[in-house]
Every structure is written in C-alpha cells, then in structure tokens.
*Asks:* 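To start, I am sharing the structure in question, which I have written as structure tokens.
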Amino acid sequence: MGRKFSNRYTLRQRATYWFDTFMASGTLGLIFGLAAVSTAVIFLAALIIHLGGIALEGEDVPGIAEAAWMSLMRTMDAGTIGGDTGHGFRAVMLAVTLIGIFIFSTLIGILSSGLEAKLDSLRQGRSKVLETDHTLILGWSPKIFMIISELYVANESRDNGAVIVILADRDKVEMENELRARLPLKSNTRVVCRSGLPTNITDLEIVSPQSARAIIVLAEGDKSDVTTAKIVLAVTHSPYRRVDPYHIVTQIDDAEMQSVLTMISRKDKIQSIVSIDLIARLMAQTSRQSGLSIVVTELLDFGGAEIYFKEEPALVGSSFGEALNAYPNSAVMGLKSATGGVCMNPPMETVVKSGDLIFAIAEDDHYFNYAPQAQDVIDEKAIKINRIDPQRRAEHVLILGWNRSGVKLINELDQYVGPDSEITIFSKYAELGATINDLLNCLNHQTVSINEGDICDRALLSSLNIEKYDHIIVLAYRDIEEDEADGITLLTLLHLRDIAEQQALALPVVSEMLNLTNRDLASATKVDDFIVSDHLIGLMMSQISENSDLLEVFSDLFDADGSEIYLKPMENYVDVRKPLNFYTLVEAARRRGECAIGFRIRAESDRPESAFGVYVNPSKSKLVQFDAQDEVIVLASS
C-alpha cells in the first residue's frame with residue numbers, strides 16, 4: 001500500500017520529503033538505496049545499448065547480459081572508458097561512468113560516516129553485554145577500585161576466567177582510562193564498562209543483570225540511600241527480570257533503609273552494609289586495642305587468610321571445642337547451623353549436628369582439612385589456669401573532628417567503658433551540640449562535652465592536657481574533599497606526635513582516613529591504628545558478593561553484643577619462658593571459652609613488611625618464642 005499525501009502539497013514538495021526520509025534512513029538504508037540506483041542505471045544502459053544497436057567499432061551488438069556487465073565495469077572503474085570506440089557507445093558509457101563516480105564516492109562517504117557513528121556508539125558504551133556468571137557493578141564511587149582489585153584476587157582460582165561489568169553514568173572511555181591507570185591488567189579477569197543510568201530499566205538491559213551471579217550497588221552523594229533503593233527497584237522489578245533470586249550487595253547510611261530494601265523485594269537476597277554503623281563500631285573497638293585494624297583488614301581482603309565454610313561429617317556428635325585443634329592449617333571461628341544462623345565462638349560444649357557448617361580462617365579452601373592431632377602436641381604445663389578479666393573503669397576519651405558516624409561511635413563506646421566516663425569533643429562545627437544531643441541514646445556510663453575548635457591548631461592541642469585521656473580518636477571531616485580531609489587529619493596527627501614526644505607520652509591514638517593512598521603518609525605520624533573507612537567498606541562488599549554467608553559473620557564480629565575480636569596479654573594465657581606452638585595457645589583460649597585466631601608480636605609492631613607483628617591463622621605446629629608484651633588474638637565475649 002503506497003504512502004498517501006495531502007493534495008495541497010506539490011510534486012516537488014513530495015519529492016523533497018521523500019528524499020529527506022530516504023537520507024534519514026540510516027547507513028544500511030542508504031547503501032541499499034544506492035545499490036538500487038546503480039542496478040537501475042546499469043540495466044537502463046544495457047537496454048539502450050542492446051535495443052539501440054549500439055556497439056564498439058568493428059564488433060557485434062552485445063546482448064543485455066553482456067551490456068550490463070560492460071556498464072558495471074565502467075561504474076566501478078572510470079579508466080575502463082578509455083578503450084571505448086564509437087560515438088554512441090562512448091556517449092552511453094560516459095554517462096554510466098559519471099553516474100558511477102557519483103554513486104561510489106557517495107558510498108564511500110556513507111561507509112565512512114557509518115563507521116564513525118559505530119565507533120562513536122562503541123565509545124559511548126551502549127552496546128549489549130552478552131556475558132553470563134559475571135559480577136555486575138552498578139554505579140561508580142572511589143570504592144570501585146578496591147572492589148575490583150579484590151575481585152581480581154578472588155577470581156585467580158577460576159580456570160575459565162571471570163568478567164566484571166560496570167554500568168555507570170560516566171563516559172565509557174573515561175572509566176576505562178581511570179581503571180587502567182589505577183589497577184593492573186589481569187589476564188584472568190576482564191572488565192567491561194558501559195555508560196548508562198543504573199536506575200533506568202532500558203539502560204540496565206545493556207549489562208545483562210539476568211545472567212549476573214552477583215550485583216554490587218554503589219551510590220554516592222547526600223541522597224545515596226534513595227539512589228540505592230531506586231537501583232534495586234529497577235533491577236528487581238524489571239519486566240525482563242529472571243525467575244531465580246538476585247544476590248544484591250549494597251552500602252547504605254541509614255539502618256532503617258534496610259527494611260525498605262527488603263520491602264522492595266522479599267524474593268531476592270539483598271544484603272546491605274550500614275557503613276556509618278560499621279565504621280563507628282570499628283573505631284570504638286580499635287580505639288581500645290592497638291593492632292585491631294590490621295586484624296580486620298587481614299580478614300576482609302582476599303590477599304591473605306579468608307573465611308571458609310565447610311560441612312564436616314566426622315565432627316557430627318562432637319563438641320565445638322573439639323573442632324578448634326582439629327584443623328592444622330585453619331583457625332576455627334564458629335558454626336553455621338543447618339537451620340540457618342551463624343554463631344561466632346559458640347559455647348565450647350555445643351554439639352555439632354548433621355548439616356552444620358564449621359567456618360574458619362584459612363589461606364585457601366584446599367587447606368581447610370580435618371586432621372585431628374595427638375594430645376601431646378599441646379604443652380599442658382605452659383597453660384595458665386587462672387583467668388584474669390579486666391575490670392571496667394571510668395575512662396576519658398578525646399574525639400577530634402566529626403562526621404555522621406560520631407553519634408554511633410559514642411553510643412558504641414558506652415557499651416565498653418565503666419561508670420563516670422567522659423567524652424570530650426572538639427570540632428569546627430559551632431552548632432554540633434544542638435545537633436547531636438537529641439540523637440544520642442540514653443548514655444549509661446558517659447557524659448559528653450562538646451567544644452568548637454580547629455583541631456589542626458597546635459595551641460589548642462597543647463592546651464588539652466592530652467596525657468589525661470585514655471583514648472584519642474581523630475574523625476575525618478566528610479563534608480569536604482577527601483584529600484583536604486585527610487590533610488587535616490595528618491596535620492592533627494603530626495602535632496599530637498610531636499606533643500607526645502616532647503612530654504615522653506605513649507598516646508593511644510586511632511584515626512580515620514578516607515583515601516587509602518594517604519595511609520603511607522600517615523605512617524610517619526606513628527599512630528597506633530588507622531581506619532580507612534571506604535577501603536574497609538569496599539573490602540567487605542567484595543567479600544560478600546563472593547559469599548553471601550559472610551555478611552552474617554561480619555555483622556556478628558563487629559557487634560558489641562556477642563563475641564568480638566580481642567588482643568589480650570599473652571602472659572595471661574601461657575607461660576612465655578619457653579617456645580610454644582599455636583596448638584597450645586588455642587587450647588589455653590578454649591579453656592576460657594574463647595577461640596584463638598592468631599597472635600601479635602610487639603617487637604614487630606613498627607614493621608609494615610610483617611603486618612606490624614600481626615599473625616592471623618599462623619602455623620599451629622611451629623614453635624615461637626613469645627614475650628610478656630605479646631598478645632593473643634581471640635574471639636571472646638569480653
């Protein structure tokens with residue numbers, strides 16, 4: 001059925017409109033159009049030659065097929081006409097050649113424009129990703145480099161390699177250049193970037209979320225939680241979604257947002273890390289125990305020891321305590337019940353049931369092997385029976401700087417300190433007191449004093465009588481650029497170090513850094529511990545994306561309730577006058593209802609090359625000469 005036009009349009013207007021439509025039909029349409037024109041010209045010339053009796057001088061009139069072939073040759077090569085004879089034949093072939101020159105020059109231009117448009121399309125990152133079993137990252141933030149570097153390590157054991165796909169509202173080439181500059185190339189893992197809005201269902205289809213094995217959502221900005229919810233909604237409620245549940249890992253600031261994400265889709269496994277709560281808990285715990293941040297980093301990254309789950313039929317009917325020394329190359333941490341739920345450091349008499357999973361720290365799952373040892377590997381005479389529990393006392397804490405995790409940090413500290421404890425805050429915010437007083441829960445053991453001041457001011461720091469504080473915590477200002485915030489932290493730490501050296505003080509300082517690259521600079525301040533917040537969040541997200549069971553382990557591990565990581569004096573557990581193996585330390589901790597997972601050598605605490613003396617999941621059979629200042633790393637309730 002032909003196209004109908006209104007009678008008020010002239011033939012010229014209709015022809016112009018038709019030509020405009022044809023020219024807008026795209027590269028393929030133009031090529032077909034030119035091919036049709038070429039065919040028409042060739043066969044028209046052939047008919048003129050054949051029916052008009054036109055031929056080369058001295059030759060017979062060619063048939064239609066032969067005449068068409070001769071016309072085709074002249075449209076493709078203008079030089080062919082040079083050998084033509086006869087005025088009529090030359091005239092026809094000259095016309096064919098001129099039309100051929102126009103057609104082929106136009107074709108070259110169309111192909112060039114089409115190729116350029118295709119390259120531009122590829123540069124924009126809008127082509128469909130045809131991958132399966134890939135890790136999909138939706139969004140872009142500074143944590144993405146840490147996440148990808150950890151996934152590189154996690155994917156090293158994959159025989160067929162792995163693929164990471166990124167969809168973000170950024171230029172594809174810029175993303176690739178930034179990744180290339182910040183991360184090494186890995187032959188076993190490919191990274192594919194696409195440009196688009198993760199909240200847009202059409203853009204999401206570009207990166208094939210239906211075939212992804214895990215989806216990591218990264219959202220930044222003041223309304224990051226809202227953006228996260230919109231991305232999760234777009235993935236789970238897409239008309240193209242898959243039947244099987246998605247495994248989605250997110251970071252949120254507000255714990256209440258977790259219920260919203262669950263409400264969005266109860267069918268899918270949506271696991272959220274509440275970043276403010278997590279950092280506050282880590283700061284609270286680390287401020288009280290030097291070296292804890294190193295232990296946590298060791299547990300969270302893929303480069304060293306990792307946490308693995310395993311069902312062990314040989315342990316069914318045995319107690320959990322019997323499992324602790326049954327794995328020569330692994331440090332047992334707890335049980336995952338067959339009915340669901342993780343229990344870190346359960347009571348030692350807990351019976352292992354069929355279907356229960358033991359989880360432990362191991363270098364690789366190949367080393368997580370059940371091999372009970374003879375009782376004589378334990379030095380019974382070295383184990384100390386009397387348990388020494390520290391008594392809670394009033395403590396004085398100084399907080400320098402402020403960010404959103406501060407309120408949670410104070411509430412967390414209240415669970416550790418004794419009555420009549422005090423917290424003193426100095427920050428640049430004049431209105432801080434009115435802002436946080438209503439947010440603080442009812443504190444049972446602490447009073448809070450809030451002051452305005454420049455934490456980089458040497459005169460202010462010198463006037464604080466820092467020797468009276470049991471713990472000093474430096475929080476990063478998160479409302480300014482990362483490098484500027486870390487610069488303020490570094491300057492504050494340098495002043496604190498100088499004051500401590502002048503007064504011959506041993507200051508227990510823990511600080512928060514935002515950028516991992518600034519940690520090396522911070523080592524010059526000789527501070528006990530650094531919490532690189534985005535770095536730890538990125539590590540945790542990558543771990544959970546590979547093993548969903550780990551979120552429950554980490555949540556239990558960093559909660560003030562239940563068992564946590566403690567670094568306790570070695571001399572409280574064993575007699576350090578002779579070399580001991582780790583089997584003996586594990587047994588000494590077991591008799592106190594604790595799981596030993598490592599130790600710290602204080603003499604190596606200033607050596608980065610030996611992880612500052614922290615050894616997580618050490619060899620159980622190797623003899624080590626400990627010192628009274630060394631510490632055993634345990635999972636304990638207090």
*Asks:* Any pair with a residue in residues 264-297 that passes ring pair (Phe, Tyr, Trp, His ring centres under 6.0 Å), sequence neighbours left out, goes on the list, sorted by first then second residue, please.
*Replies:*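 As it turns out, there is no ring pair (Phe, Tyr, Trp, His ring centres under 6.0 Å) pair with a partner in residues 264-297 once direct neighbours are skipped.
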*Asks:* Please name all residues satisfying side-chain contact (heavy atoms from CB on, under 4.5 Å) with Arg577, sequence neighbours left out, ordered by chain then number.
*Replies:*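 Checked Arg577 against side-chain contact (heavy atoms from CB on, under 4.5 Å); matches are Asp575.
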*Asks:* Can you name the residues that form a ring pair (Phe, Tyr, Trp, His ring centres under 6.0 Å) with Phe554, not counting sequence neighbours?
*Replies:*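 Ring pair (Phe, Tyr, Trp, His ring centres under 6.0 Å) check on Phe554 returns nothing, list empty.
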*Asks:* Tell me yes or no: between the side chains of Glu564 and Tyr416, is some donor less than 3.5 Å from an acceptor?
*Replies:*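 Glu564 vs Tyr416: donor-acceptor pair found between side chains.
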*Asks:* Listing request: all side chain to side chain donor-acceptor pair (under 3.5 Å) pairs with a residue in residues 335-351, at least two apart in sequence or in separate chains.
*Replies:*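 Listed by first then second residue: Ser337-Thr339, Asn345-Ser563.
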*Asks:* Please walk me through it: do Asp277 and Arg404 pass salt bridge (charged side-chain N to carboxylate O under 4.0 Å, His left out)?
*Replies:* CA-CA 10 Å; Asp277 287 3; Arg404 291 179 298 174; over 6 Å; no
*Asks:* Do any pairs count as a side chain to side chain donor-acceptor pair (under 3.5 Å) and have a residue in residues 137-147, sequence neighbours left out, and if so which ones?
*Replies:*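 Qualifying pairs: Lys143-Glu220, Lys143-Gln251.
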*Asks:* State which residues pass side-chain contact (heavy atoms from CB on, under 4.5 Å) with Val192; sequence neighbours excluded, sorted by chain then number.
*Replies:*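 By the side-chain contact (heavy atoms from CB on, under 4.5 Å) rule, Val192 matches Val129, Val163, Val165, Arg190, Arg194.
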*Asks:* Just checking Tyr308 against Phe359, ring centres under 6.0 Å apart?
*Replies:*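 No, too far apart.
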*Asks:* Go through the structure and list residues passing side-chain contact (heavy atoms from CB on, under 4.5 Å) with Ser548, not counting sequence neighbours.
*Replies:*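 Here the qualifying residues are His247, Lys269, Gln271.
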*Asks:* Among all residues two or more places apart in sequence or in another chain, which pass the side-chain contact (heavy atoms from CB on, under 4.5 Å) test with Glu322?
*Replies:*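 For Glu322 the side-chain contact (heavy atoms from CB on, under 4.5 Å) partners, ignoring immediate neighbours, are Ser318, Ser319.
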*Asks:* Who passes ring pair (Phe, Tyr, Trp, His ring centres under 6.0 Å) against Tyr367, sequence neighbours left out?
*Replies:*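 Expected list: none.
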*Asks:* Under 4.0 Å between a side-chain nitrogen and a carboxylate oxygen: does that hold for Asp379 and Lys578?
*Replies:*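 Lys578 and Asp379: salt-bridged.
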*Asks:* Any donor-acceptor pair under 3.5 Å linking the side-chain atoms of Glu156 with those of Asn188?
*Replies:*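 Checked: Asn188/Glu156 side chains show no N/O donor-acceptor pair below 3.5 Å.
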*Asks:* Ignoring hydrogens and geometry beyond distance, is a side-chain donor-acceptor pair present between Asn581 and Thr584 at under 3.5 Å?
*Replies:*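 Per modelled atom types, Asn581 and Thr584 side chains form a pair under 3.5 Å.
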*Asks:* Looking at residues at least two apart in the chain, or sitting in another chain, which of them share a ring pair (Phe, Tyr, Trp, His ring centres under 6.0 Å) with Phe626?
*Replies:*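 Testing Phe626 for ring pair (Phe, Tyr, Trp, His ring centres under 6.0 Å), a comparison that skips the adjacent residues, returns Phe599.
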*Asks:* Tell me whether Glu380 is salt-bridged to Arg591, with the criterion being a basic N under 4.0 Å from an acidic carboxylate O.
*Replies:*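 Yes, this pair counts.
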*Asks:* Sequence neighbours excluded, which residues qualify as ring pair (Phe, Tyr, Trp, His ring centres under 6.0 Å) partners of Tyr469?
*Replies:*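 Ring pair (Phe, Tyr, Trp, His ring centres under 6.0 Å) check on Tyr469 returns nothing, list empty.
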*Asks:* Could I get the full list of side chain to side chain donor-acceptor pair (under 3.5 Å) partners for Arg242, not counting sequence neighbours?
*Replies:*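 Arg242 satisfies side chain to side chain donor-acceptor pair (under 3.5 Å) with no residue once adjacent residues are dropped.
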